[in-house]
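Inspection log for the structure reproduced underneath, given as structure tokens.
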Amino acid sequence: MEFQMNKVVDSIQQAIKASGLKDGMTISFHHHMRNGDYVMNMVLDAIAQAGIKDITVNASSFFDVHAPILDHIRNGVVTGLECNYMSSLIGKAVSEGILEKPVVFRSHGGRPSDMEKGTSHIDVAFVAAPTCDWSSNCTGRIGKSACGPMGYAVSDAMYADKVVAITDNLVEKLDDISIDGKYIDFIVNVDQIGDPKGIVSGTTQITRDPVGLRMAENAAKVIKASGLLKDGFSFQTGAGGATLAASKFVREMMIKEGIQGSFCLGGITSYMVQMLHEGLFKELLDVQCFDLDAVRSLSEDSNHKEITASEYAGVCCDSAVNHLDAALLGATQVDLDFNVNVHTDSNGYIIGGSGGHSDVAAGSKLCIIIAPLTRARLPLVVDRVVTISTPGNTIDVLVTQRGIAVNTKYGKNKELKQRLIDAHLPIMEIEDLKRIAEQYSGVPSPLETSDRVVGNVIYRDGTQIDTIKMVLGN
Amino acid sequence: MRRSMLFIPGNSPSLLMNADVLGADSIIFDLEDAVSPAEKDSARILVRNLLRRFDYDSCEVIVRINSVDTEFWTKDLDEIIPFHPDMIMPPKTNSEDDVRLVSQYIGTLEEKCGMKKNSVKLIPLIETAMGVENAYRIASADERVAAIFLGAEDLSADLRCKRTKEGTEILYSRQRLVVAARAACVDVYDTPFTDVNDDEGIRKDASFAKALGFTGKASISPRHIDAINEAFSPTQADIKYAHEVMNAIEQAALEGKGVVALRGKMIDAPVVARARQVIEMEKAIYGA
């Protein structure tokens, strides 16, 4: 016990020194604290104070709270970024060319798989840990900064050369652990690792927008008509207004028909927790909590289970996404080959990233994209998406407010299409949806970009599927 | 088929653009109460441009203009009629004179625009005590009138009573309008249920309106549309029985029988008429 406590160092500066961090190395962070995370900024400030330069930061996601990293980029402390998702504030700076090196965009499943394969190496992982015990075990379930699971940090802890756990709650012994203490090299106890209120995402509320609700209802009808909605049904929905709203309609159908599903997967919200408590699903498999009700449920309900990013979506194992019946996902653009863009907006600016999008699309039996046909006066369906985030051959159905397109382009889904027609759903070709969208918004001028690459999109199998170019005028 | 009519504020571009996908049989672009006086011009232009630009193929389009005692109603019609809405809803219709005033003005515009005479129909909104008393005269005032519509919010203010969810205070007016409309051979529409979050309440209110004889019901919330459509649609049992009636009639005709019985009951003309209505609705809802 005393030996383990020797891992505790007085400050982040000391941990950096002890870890052997040097110029040119790669460090990593997880994003379970989402927009409430304090740890990345604290660590980068300490690295800058130590005079270390040329650092690559591999974070599972960057949020707006991490905007101070832009100053570290300008000062040469940070020269490379790798992530699965990047919110628009940092995305804008990257799109305008703040970094010389392109950002490496992976997926939630691709990131741990690349670490396992050794194609992504982490020198020092900094793990925000809501609670640590004297044996260095970590959990996100309890503590004043509880965030729920710590699934995205597990591969970092297992494969990084050195691992620093940064906590604001050091306790004697933990029963349920997220990360085994054997992977932790140093522990730093700080005042506060984050603000749990920042975990709650504005996109985790069920929309009241009538158009969004209509799309959500149609998406639920697609699931029902597909024949997958029966006992043992497994389900994942993204954190977006309309996709989340579809859960409401799926729930009502399950109650009406007395269906008990097997598991709900993914980022978990209070709505999924409610469905678990109502007995509609046997388990929640939770890689990330999207609100504080979900955090509470994880610590209280044994059927609400924490999983790692690898178990969620990894490529090197038989991950949970491969057992999904239906998944509902969003999109900023969809093209005529059903390729989906969730990385960039229509002007080419980075506003997101795959997260688990391409993993879930690849693994699920029925992958439904829900999106309004026009957004900000621009059409959803285009000839070619600005960025391919998720390849079209993994998408099955596109649901918009004006019609539903079934992807039969890759020799699949012919039976599904007939089932949806028989269910009187408004089925049309994706070309028709594009034409209707353009009636409303006109045909947008082709996007012109610089030749300089600011991002490389790496698919979950490790291959590069697209590049993101610098926006013009910079 | 017009079971549900959904009000859309005339100054809300995003809702106006998507009005026809919200499940309502008819959409009412509102230039009256939903639009403040300062926005009357911009809303009128917005609605006009939408009608010019888009085909609301799957929906009937109704425009609620401002009432004839305002300065806006002729401007509303000047802008809207050339783009051929299906119907105009004049609010606060008190008498047959109000109907004729609007109808004549529309007629002038139809002629000016080379449109077919009487191609734009009227659905007068009755929402005053005087309007209720004159309901039959309003319903039969002009051949443009295709339906009448009860507005209970203004009416209850005029009656000096509290508007309640149960609607006891408007029961007489509801029944009066149903009788007036049926006597004039036009359709009749019930007032919106205004508690947007009460799903059970809208179901009860719509079913009650259906039981009173209304053709359908208006709504101020897209959330209520499905409940209204359900209440005013034939059930599967209704559809099955209607087909049995029509089959029995056809069979009897083949066999040269004059009197037809089904399940031991004689099928008379009203039963056949009702069966035809149900089958027409079935086709409209589910397609041929």
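Letters go in sequence order (proteins before strands), and every chain restarts at 1.
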Next on the checklist: Do A:Arg214 and B:Asn18 make a side-chain contact, defined as non-hydrogen atoms from C-beta onward lying under 4.5 Å apart?
Outcome noted: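 Counting from C-beta outward, A:Arg214 and B:Asn18 never come under 4.5 Å.
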Checklist entry - Does some side-chain heavy atom of A:Met215 sit less than 4.5 Å from a side-chain heavy atom of B:Val21? => result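 The answer is no, as the side chains (C-beta and beyond) never meet within the 4.5 Å cut-off.
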Next on the checklist: Let me confirm one number: the NE2-CD1 distance from A:His424 to B:Ile285, rounded to the nearest 0.5 Å.
Outcome noted: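 Between atom NE2 of A:His424 and atom CD1 of B:Ile285 there are 11.0 Å.
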Checklist entry - Is there a side-chain contact (heavy atoms from CB on, under 4.5 Å) between B:Leu22 and A:Gln401 once you walk through the steps? => result CA-CA 8 Å; B:Leu22 301 173; A:Gln401 75 273 40; over 6 Å; no
Checklist entry - B:Arg53 side chain to A:Gln439 main-chain N or O, any donor-acceptor pair under 3.5 Å? => result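 Such a contact is found between B:Arg53 side chain and A:Gln439 backbone.
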Determine whether more than 12 heavy atoms belonging to other residues, nucleotides or ligands lie under 6.0 Å from atom [atom1] of [X].
| X | atom1 | answer |
| --- | --- | --- |
| A:Glu415 | CD | no |
| B:Arg52 | CZ | yes |
| A:Lys230 | NZ | no |
| A:Arg384 | CZ | yes |
| B:Lys210 | NZ | yes |

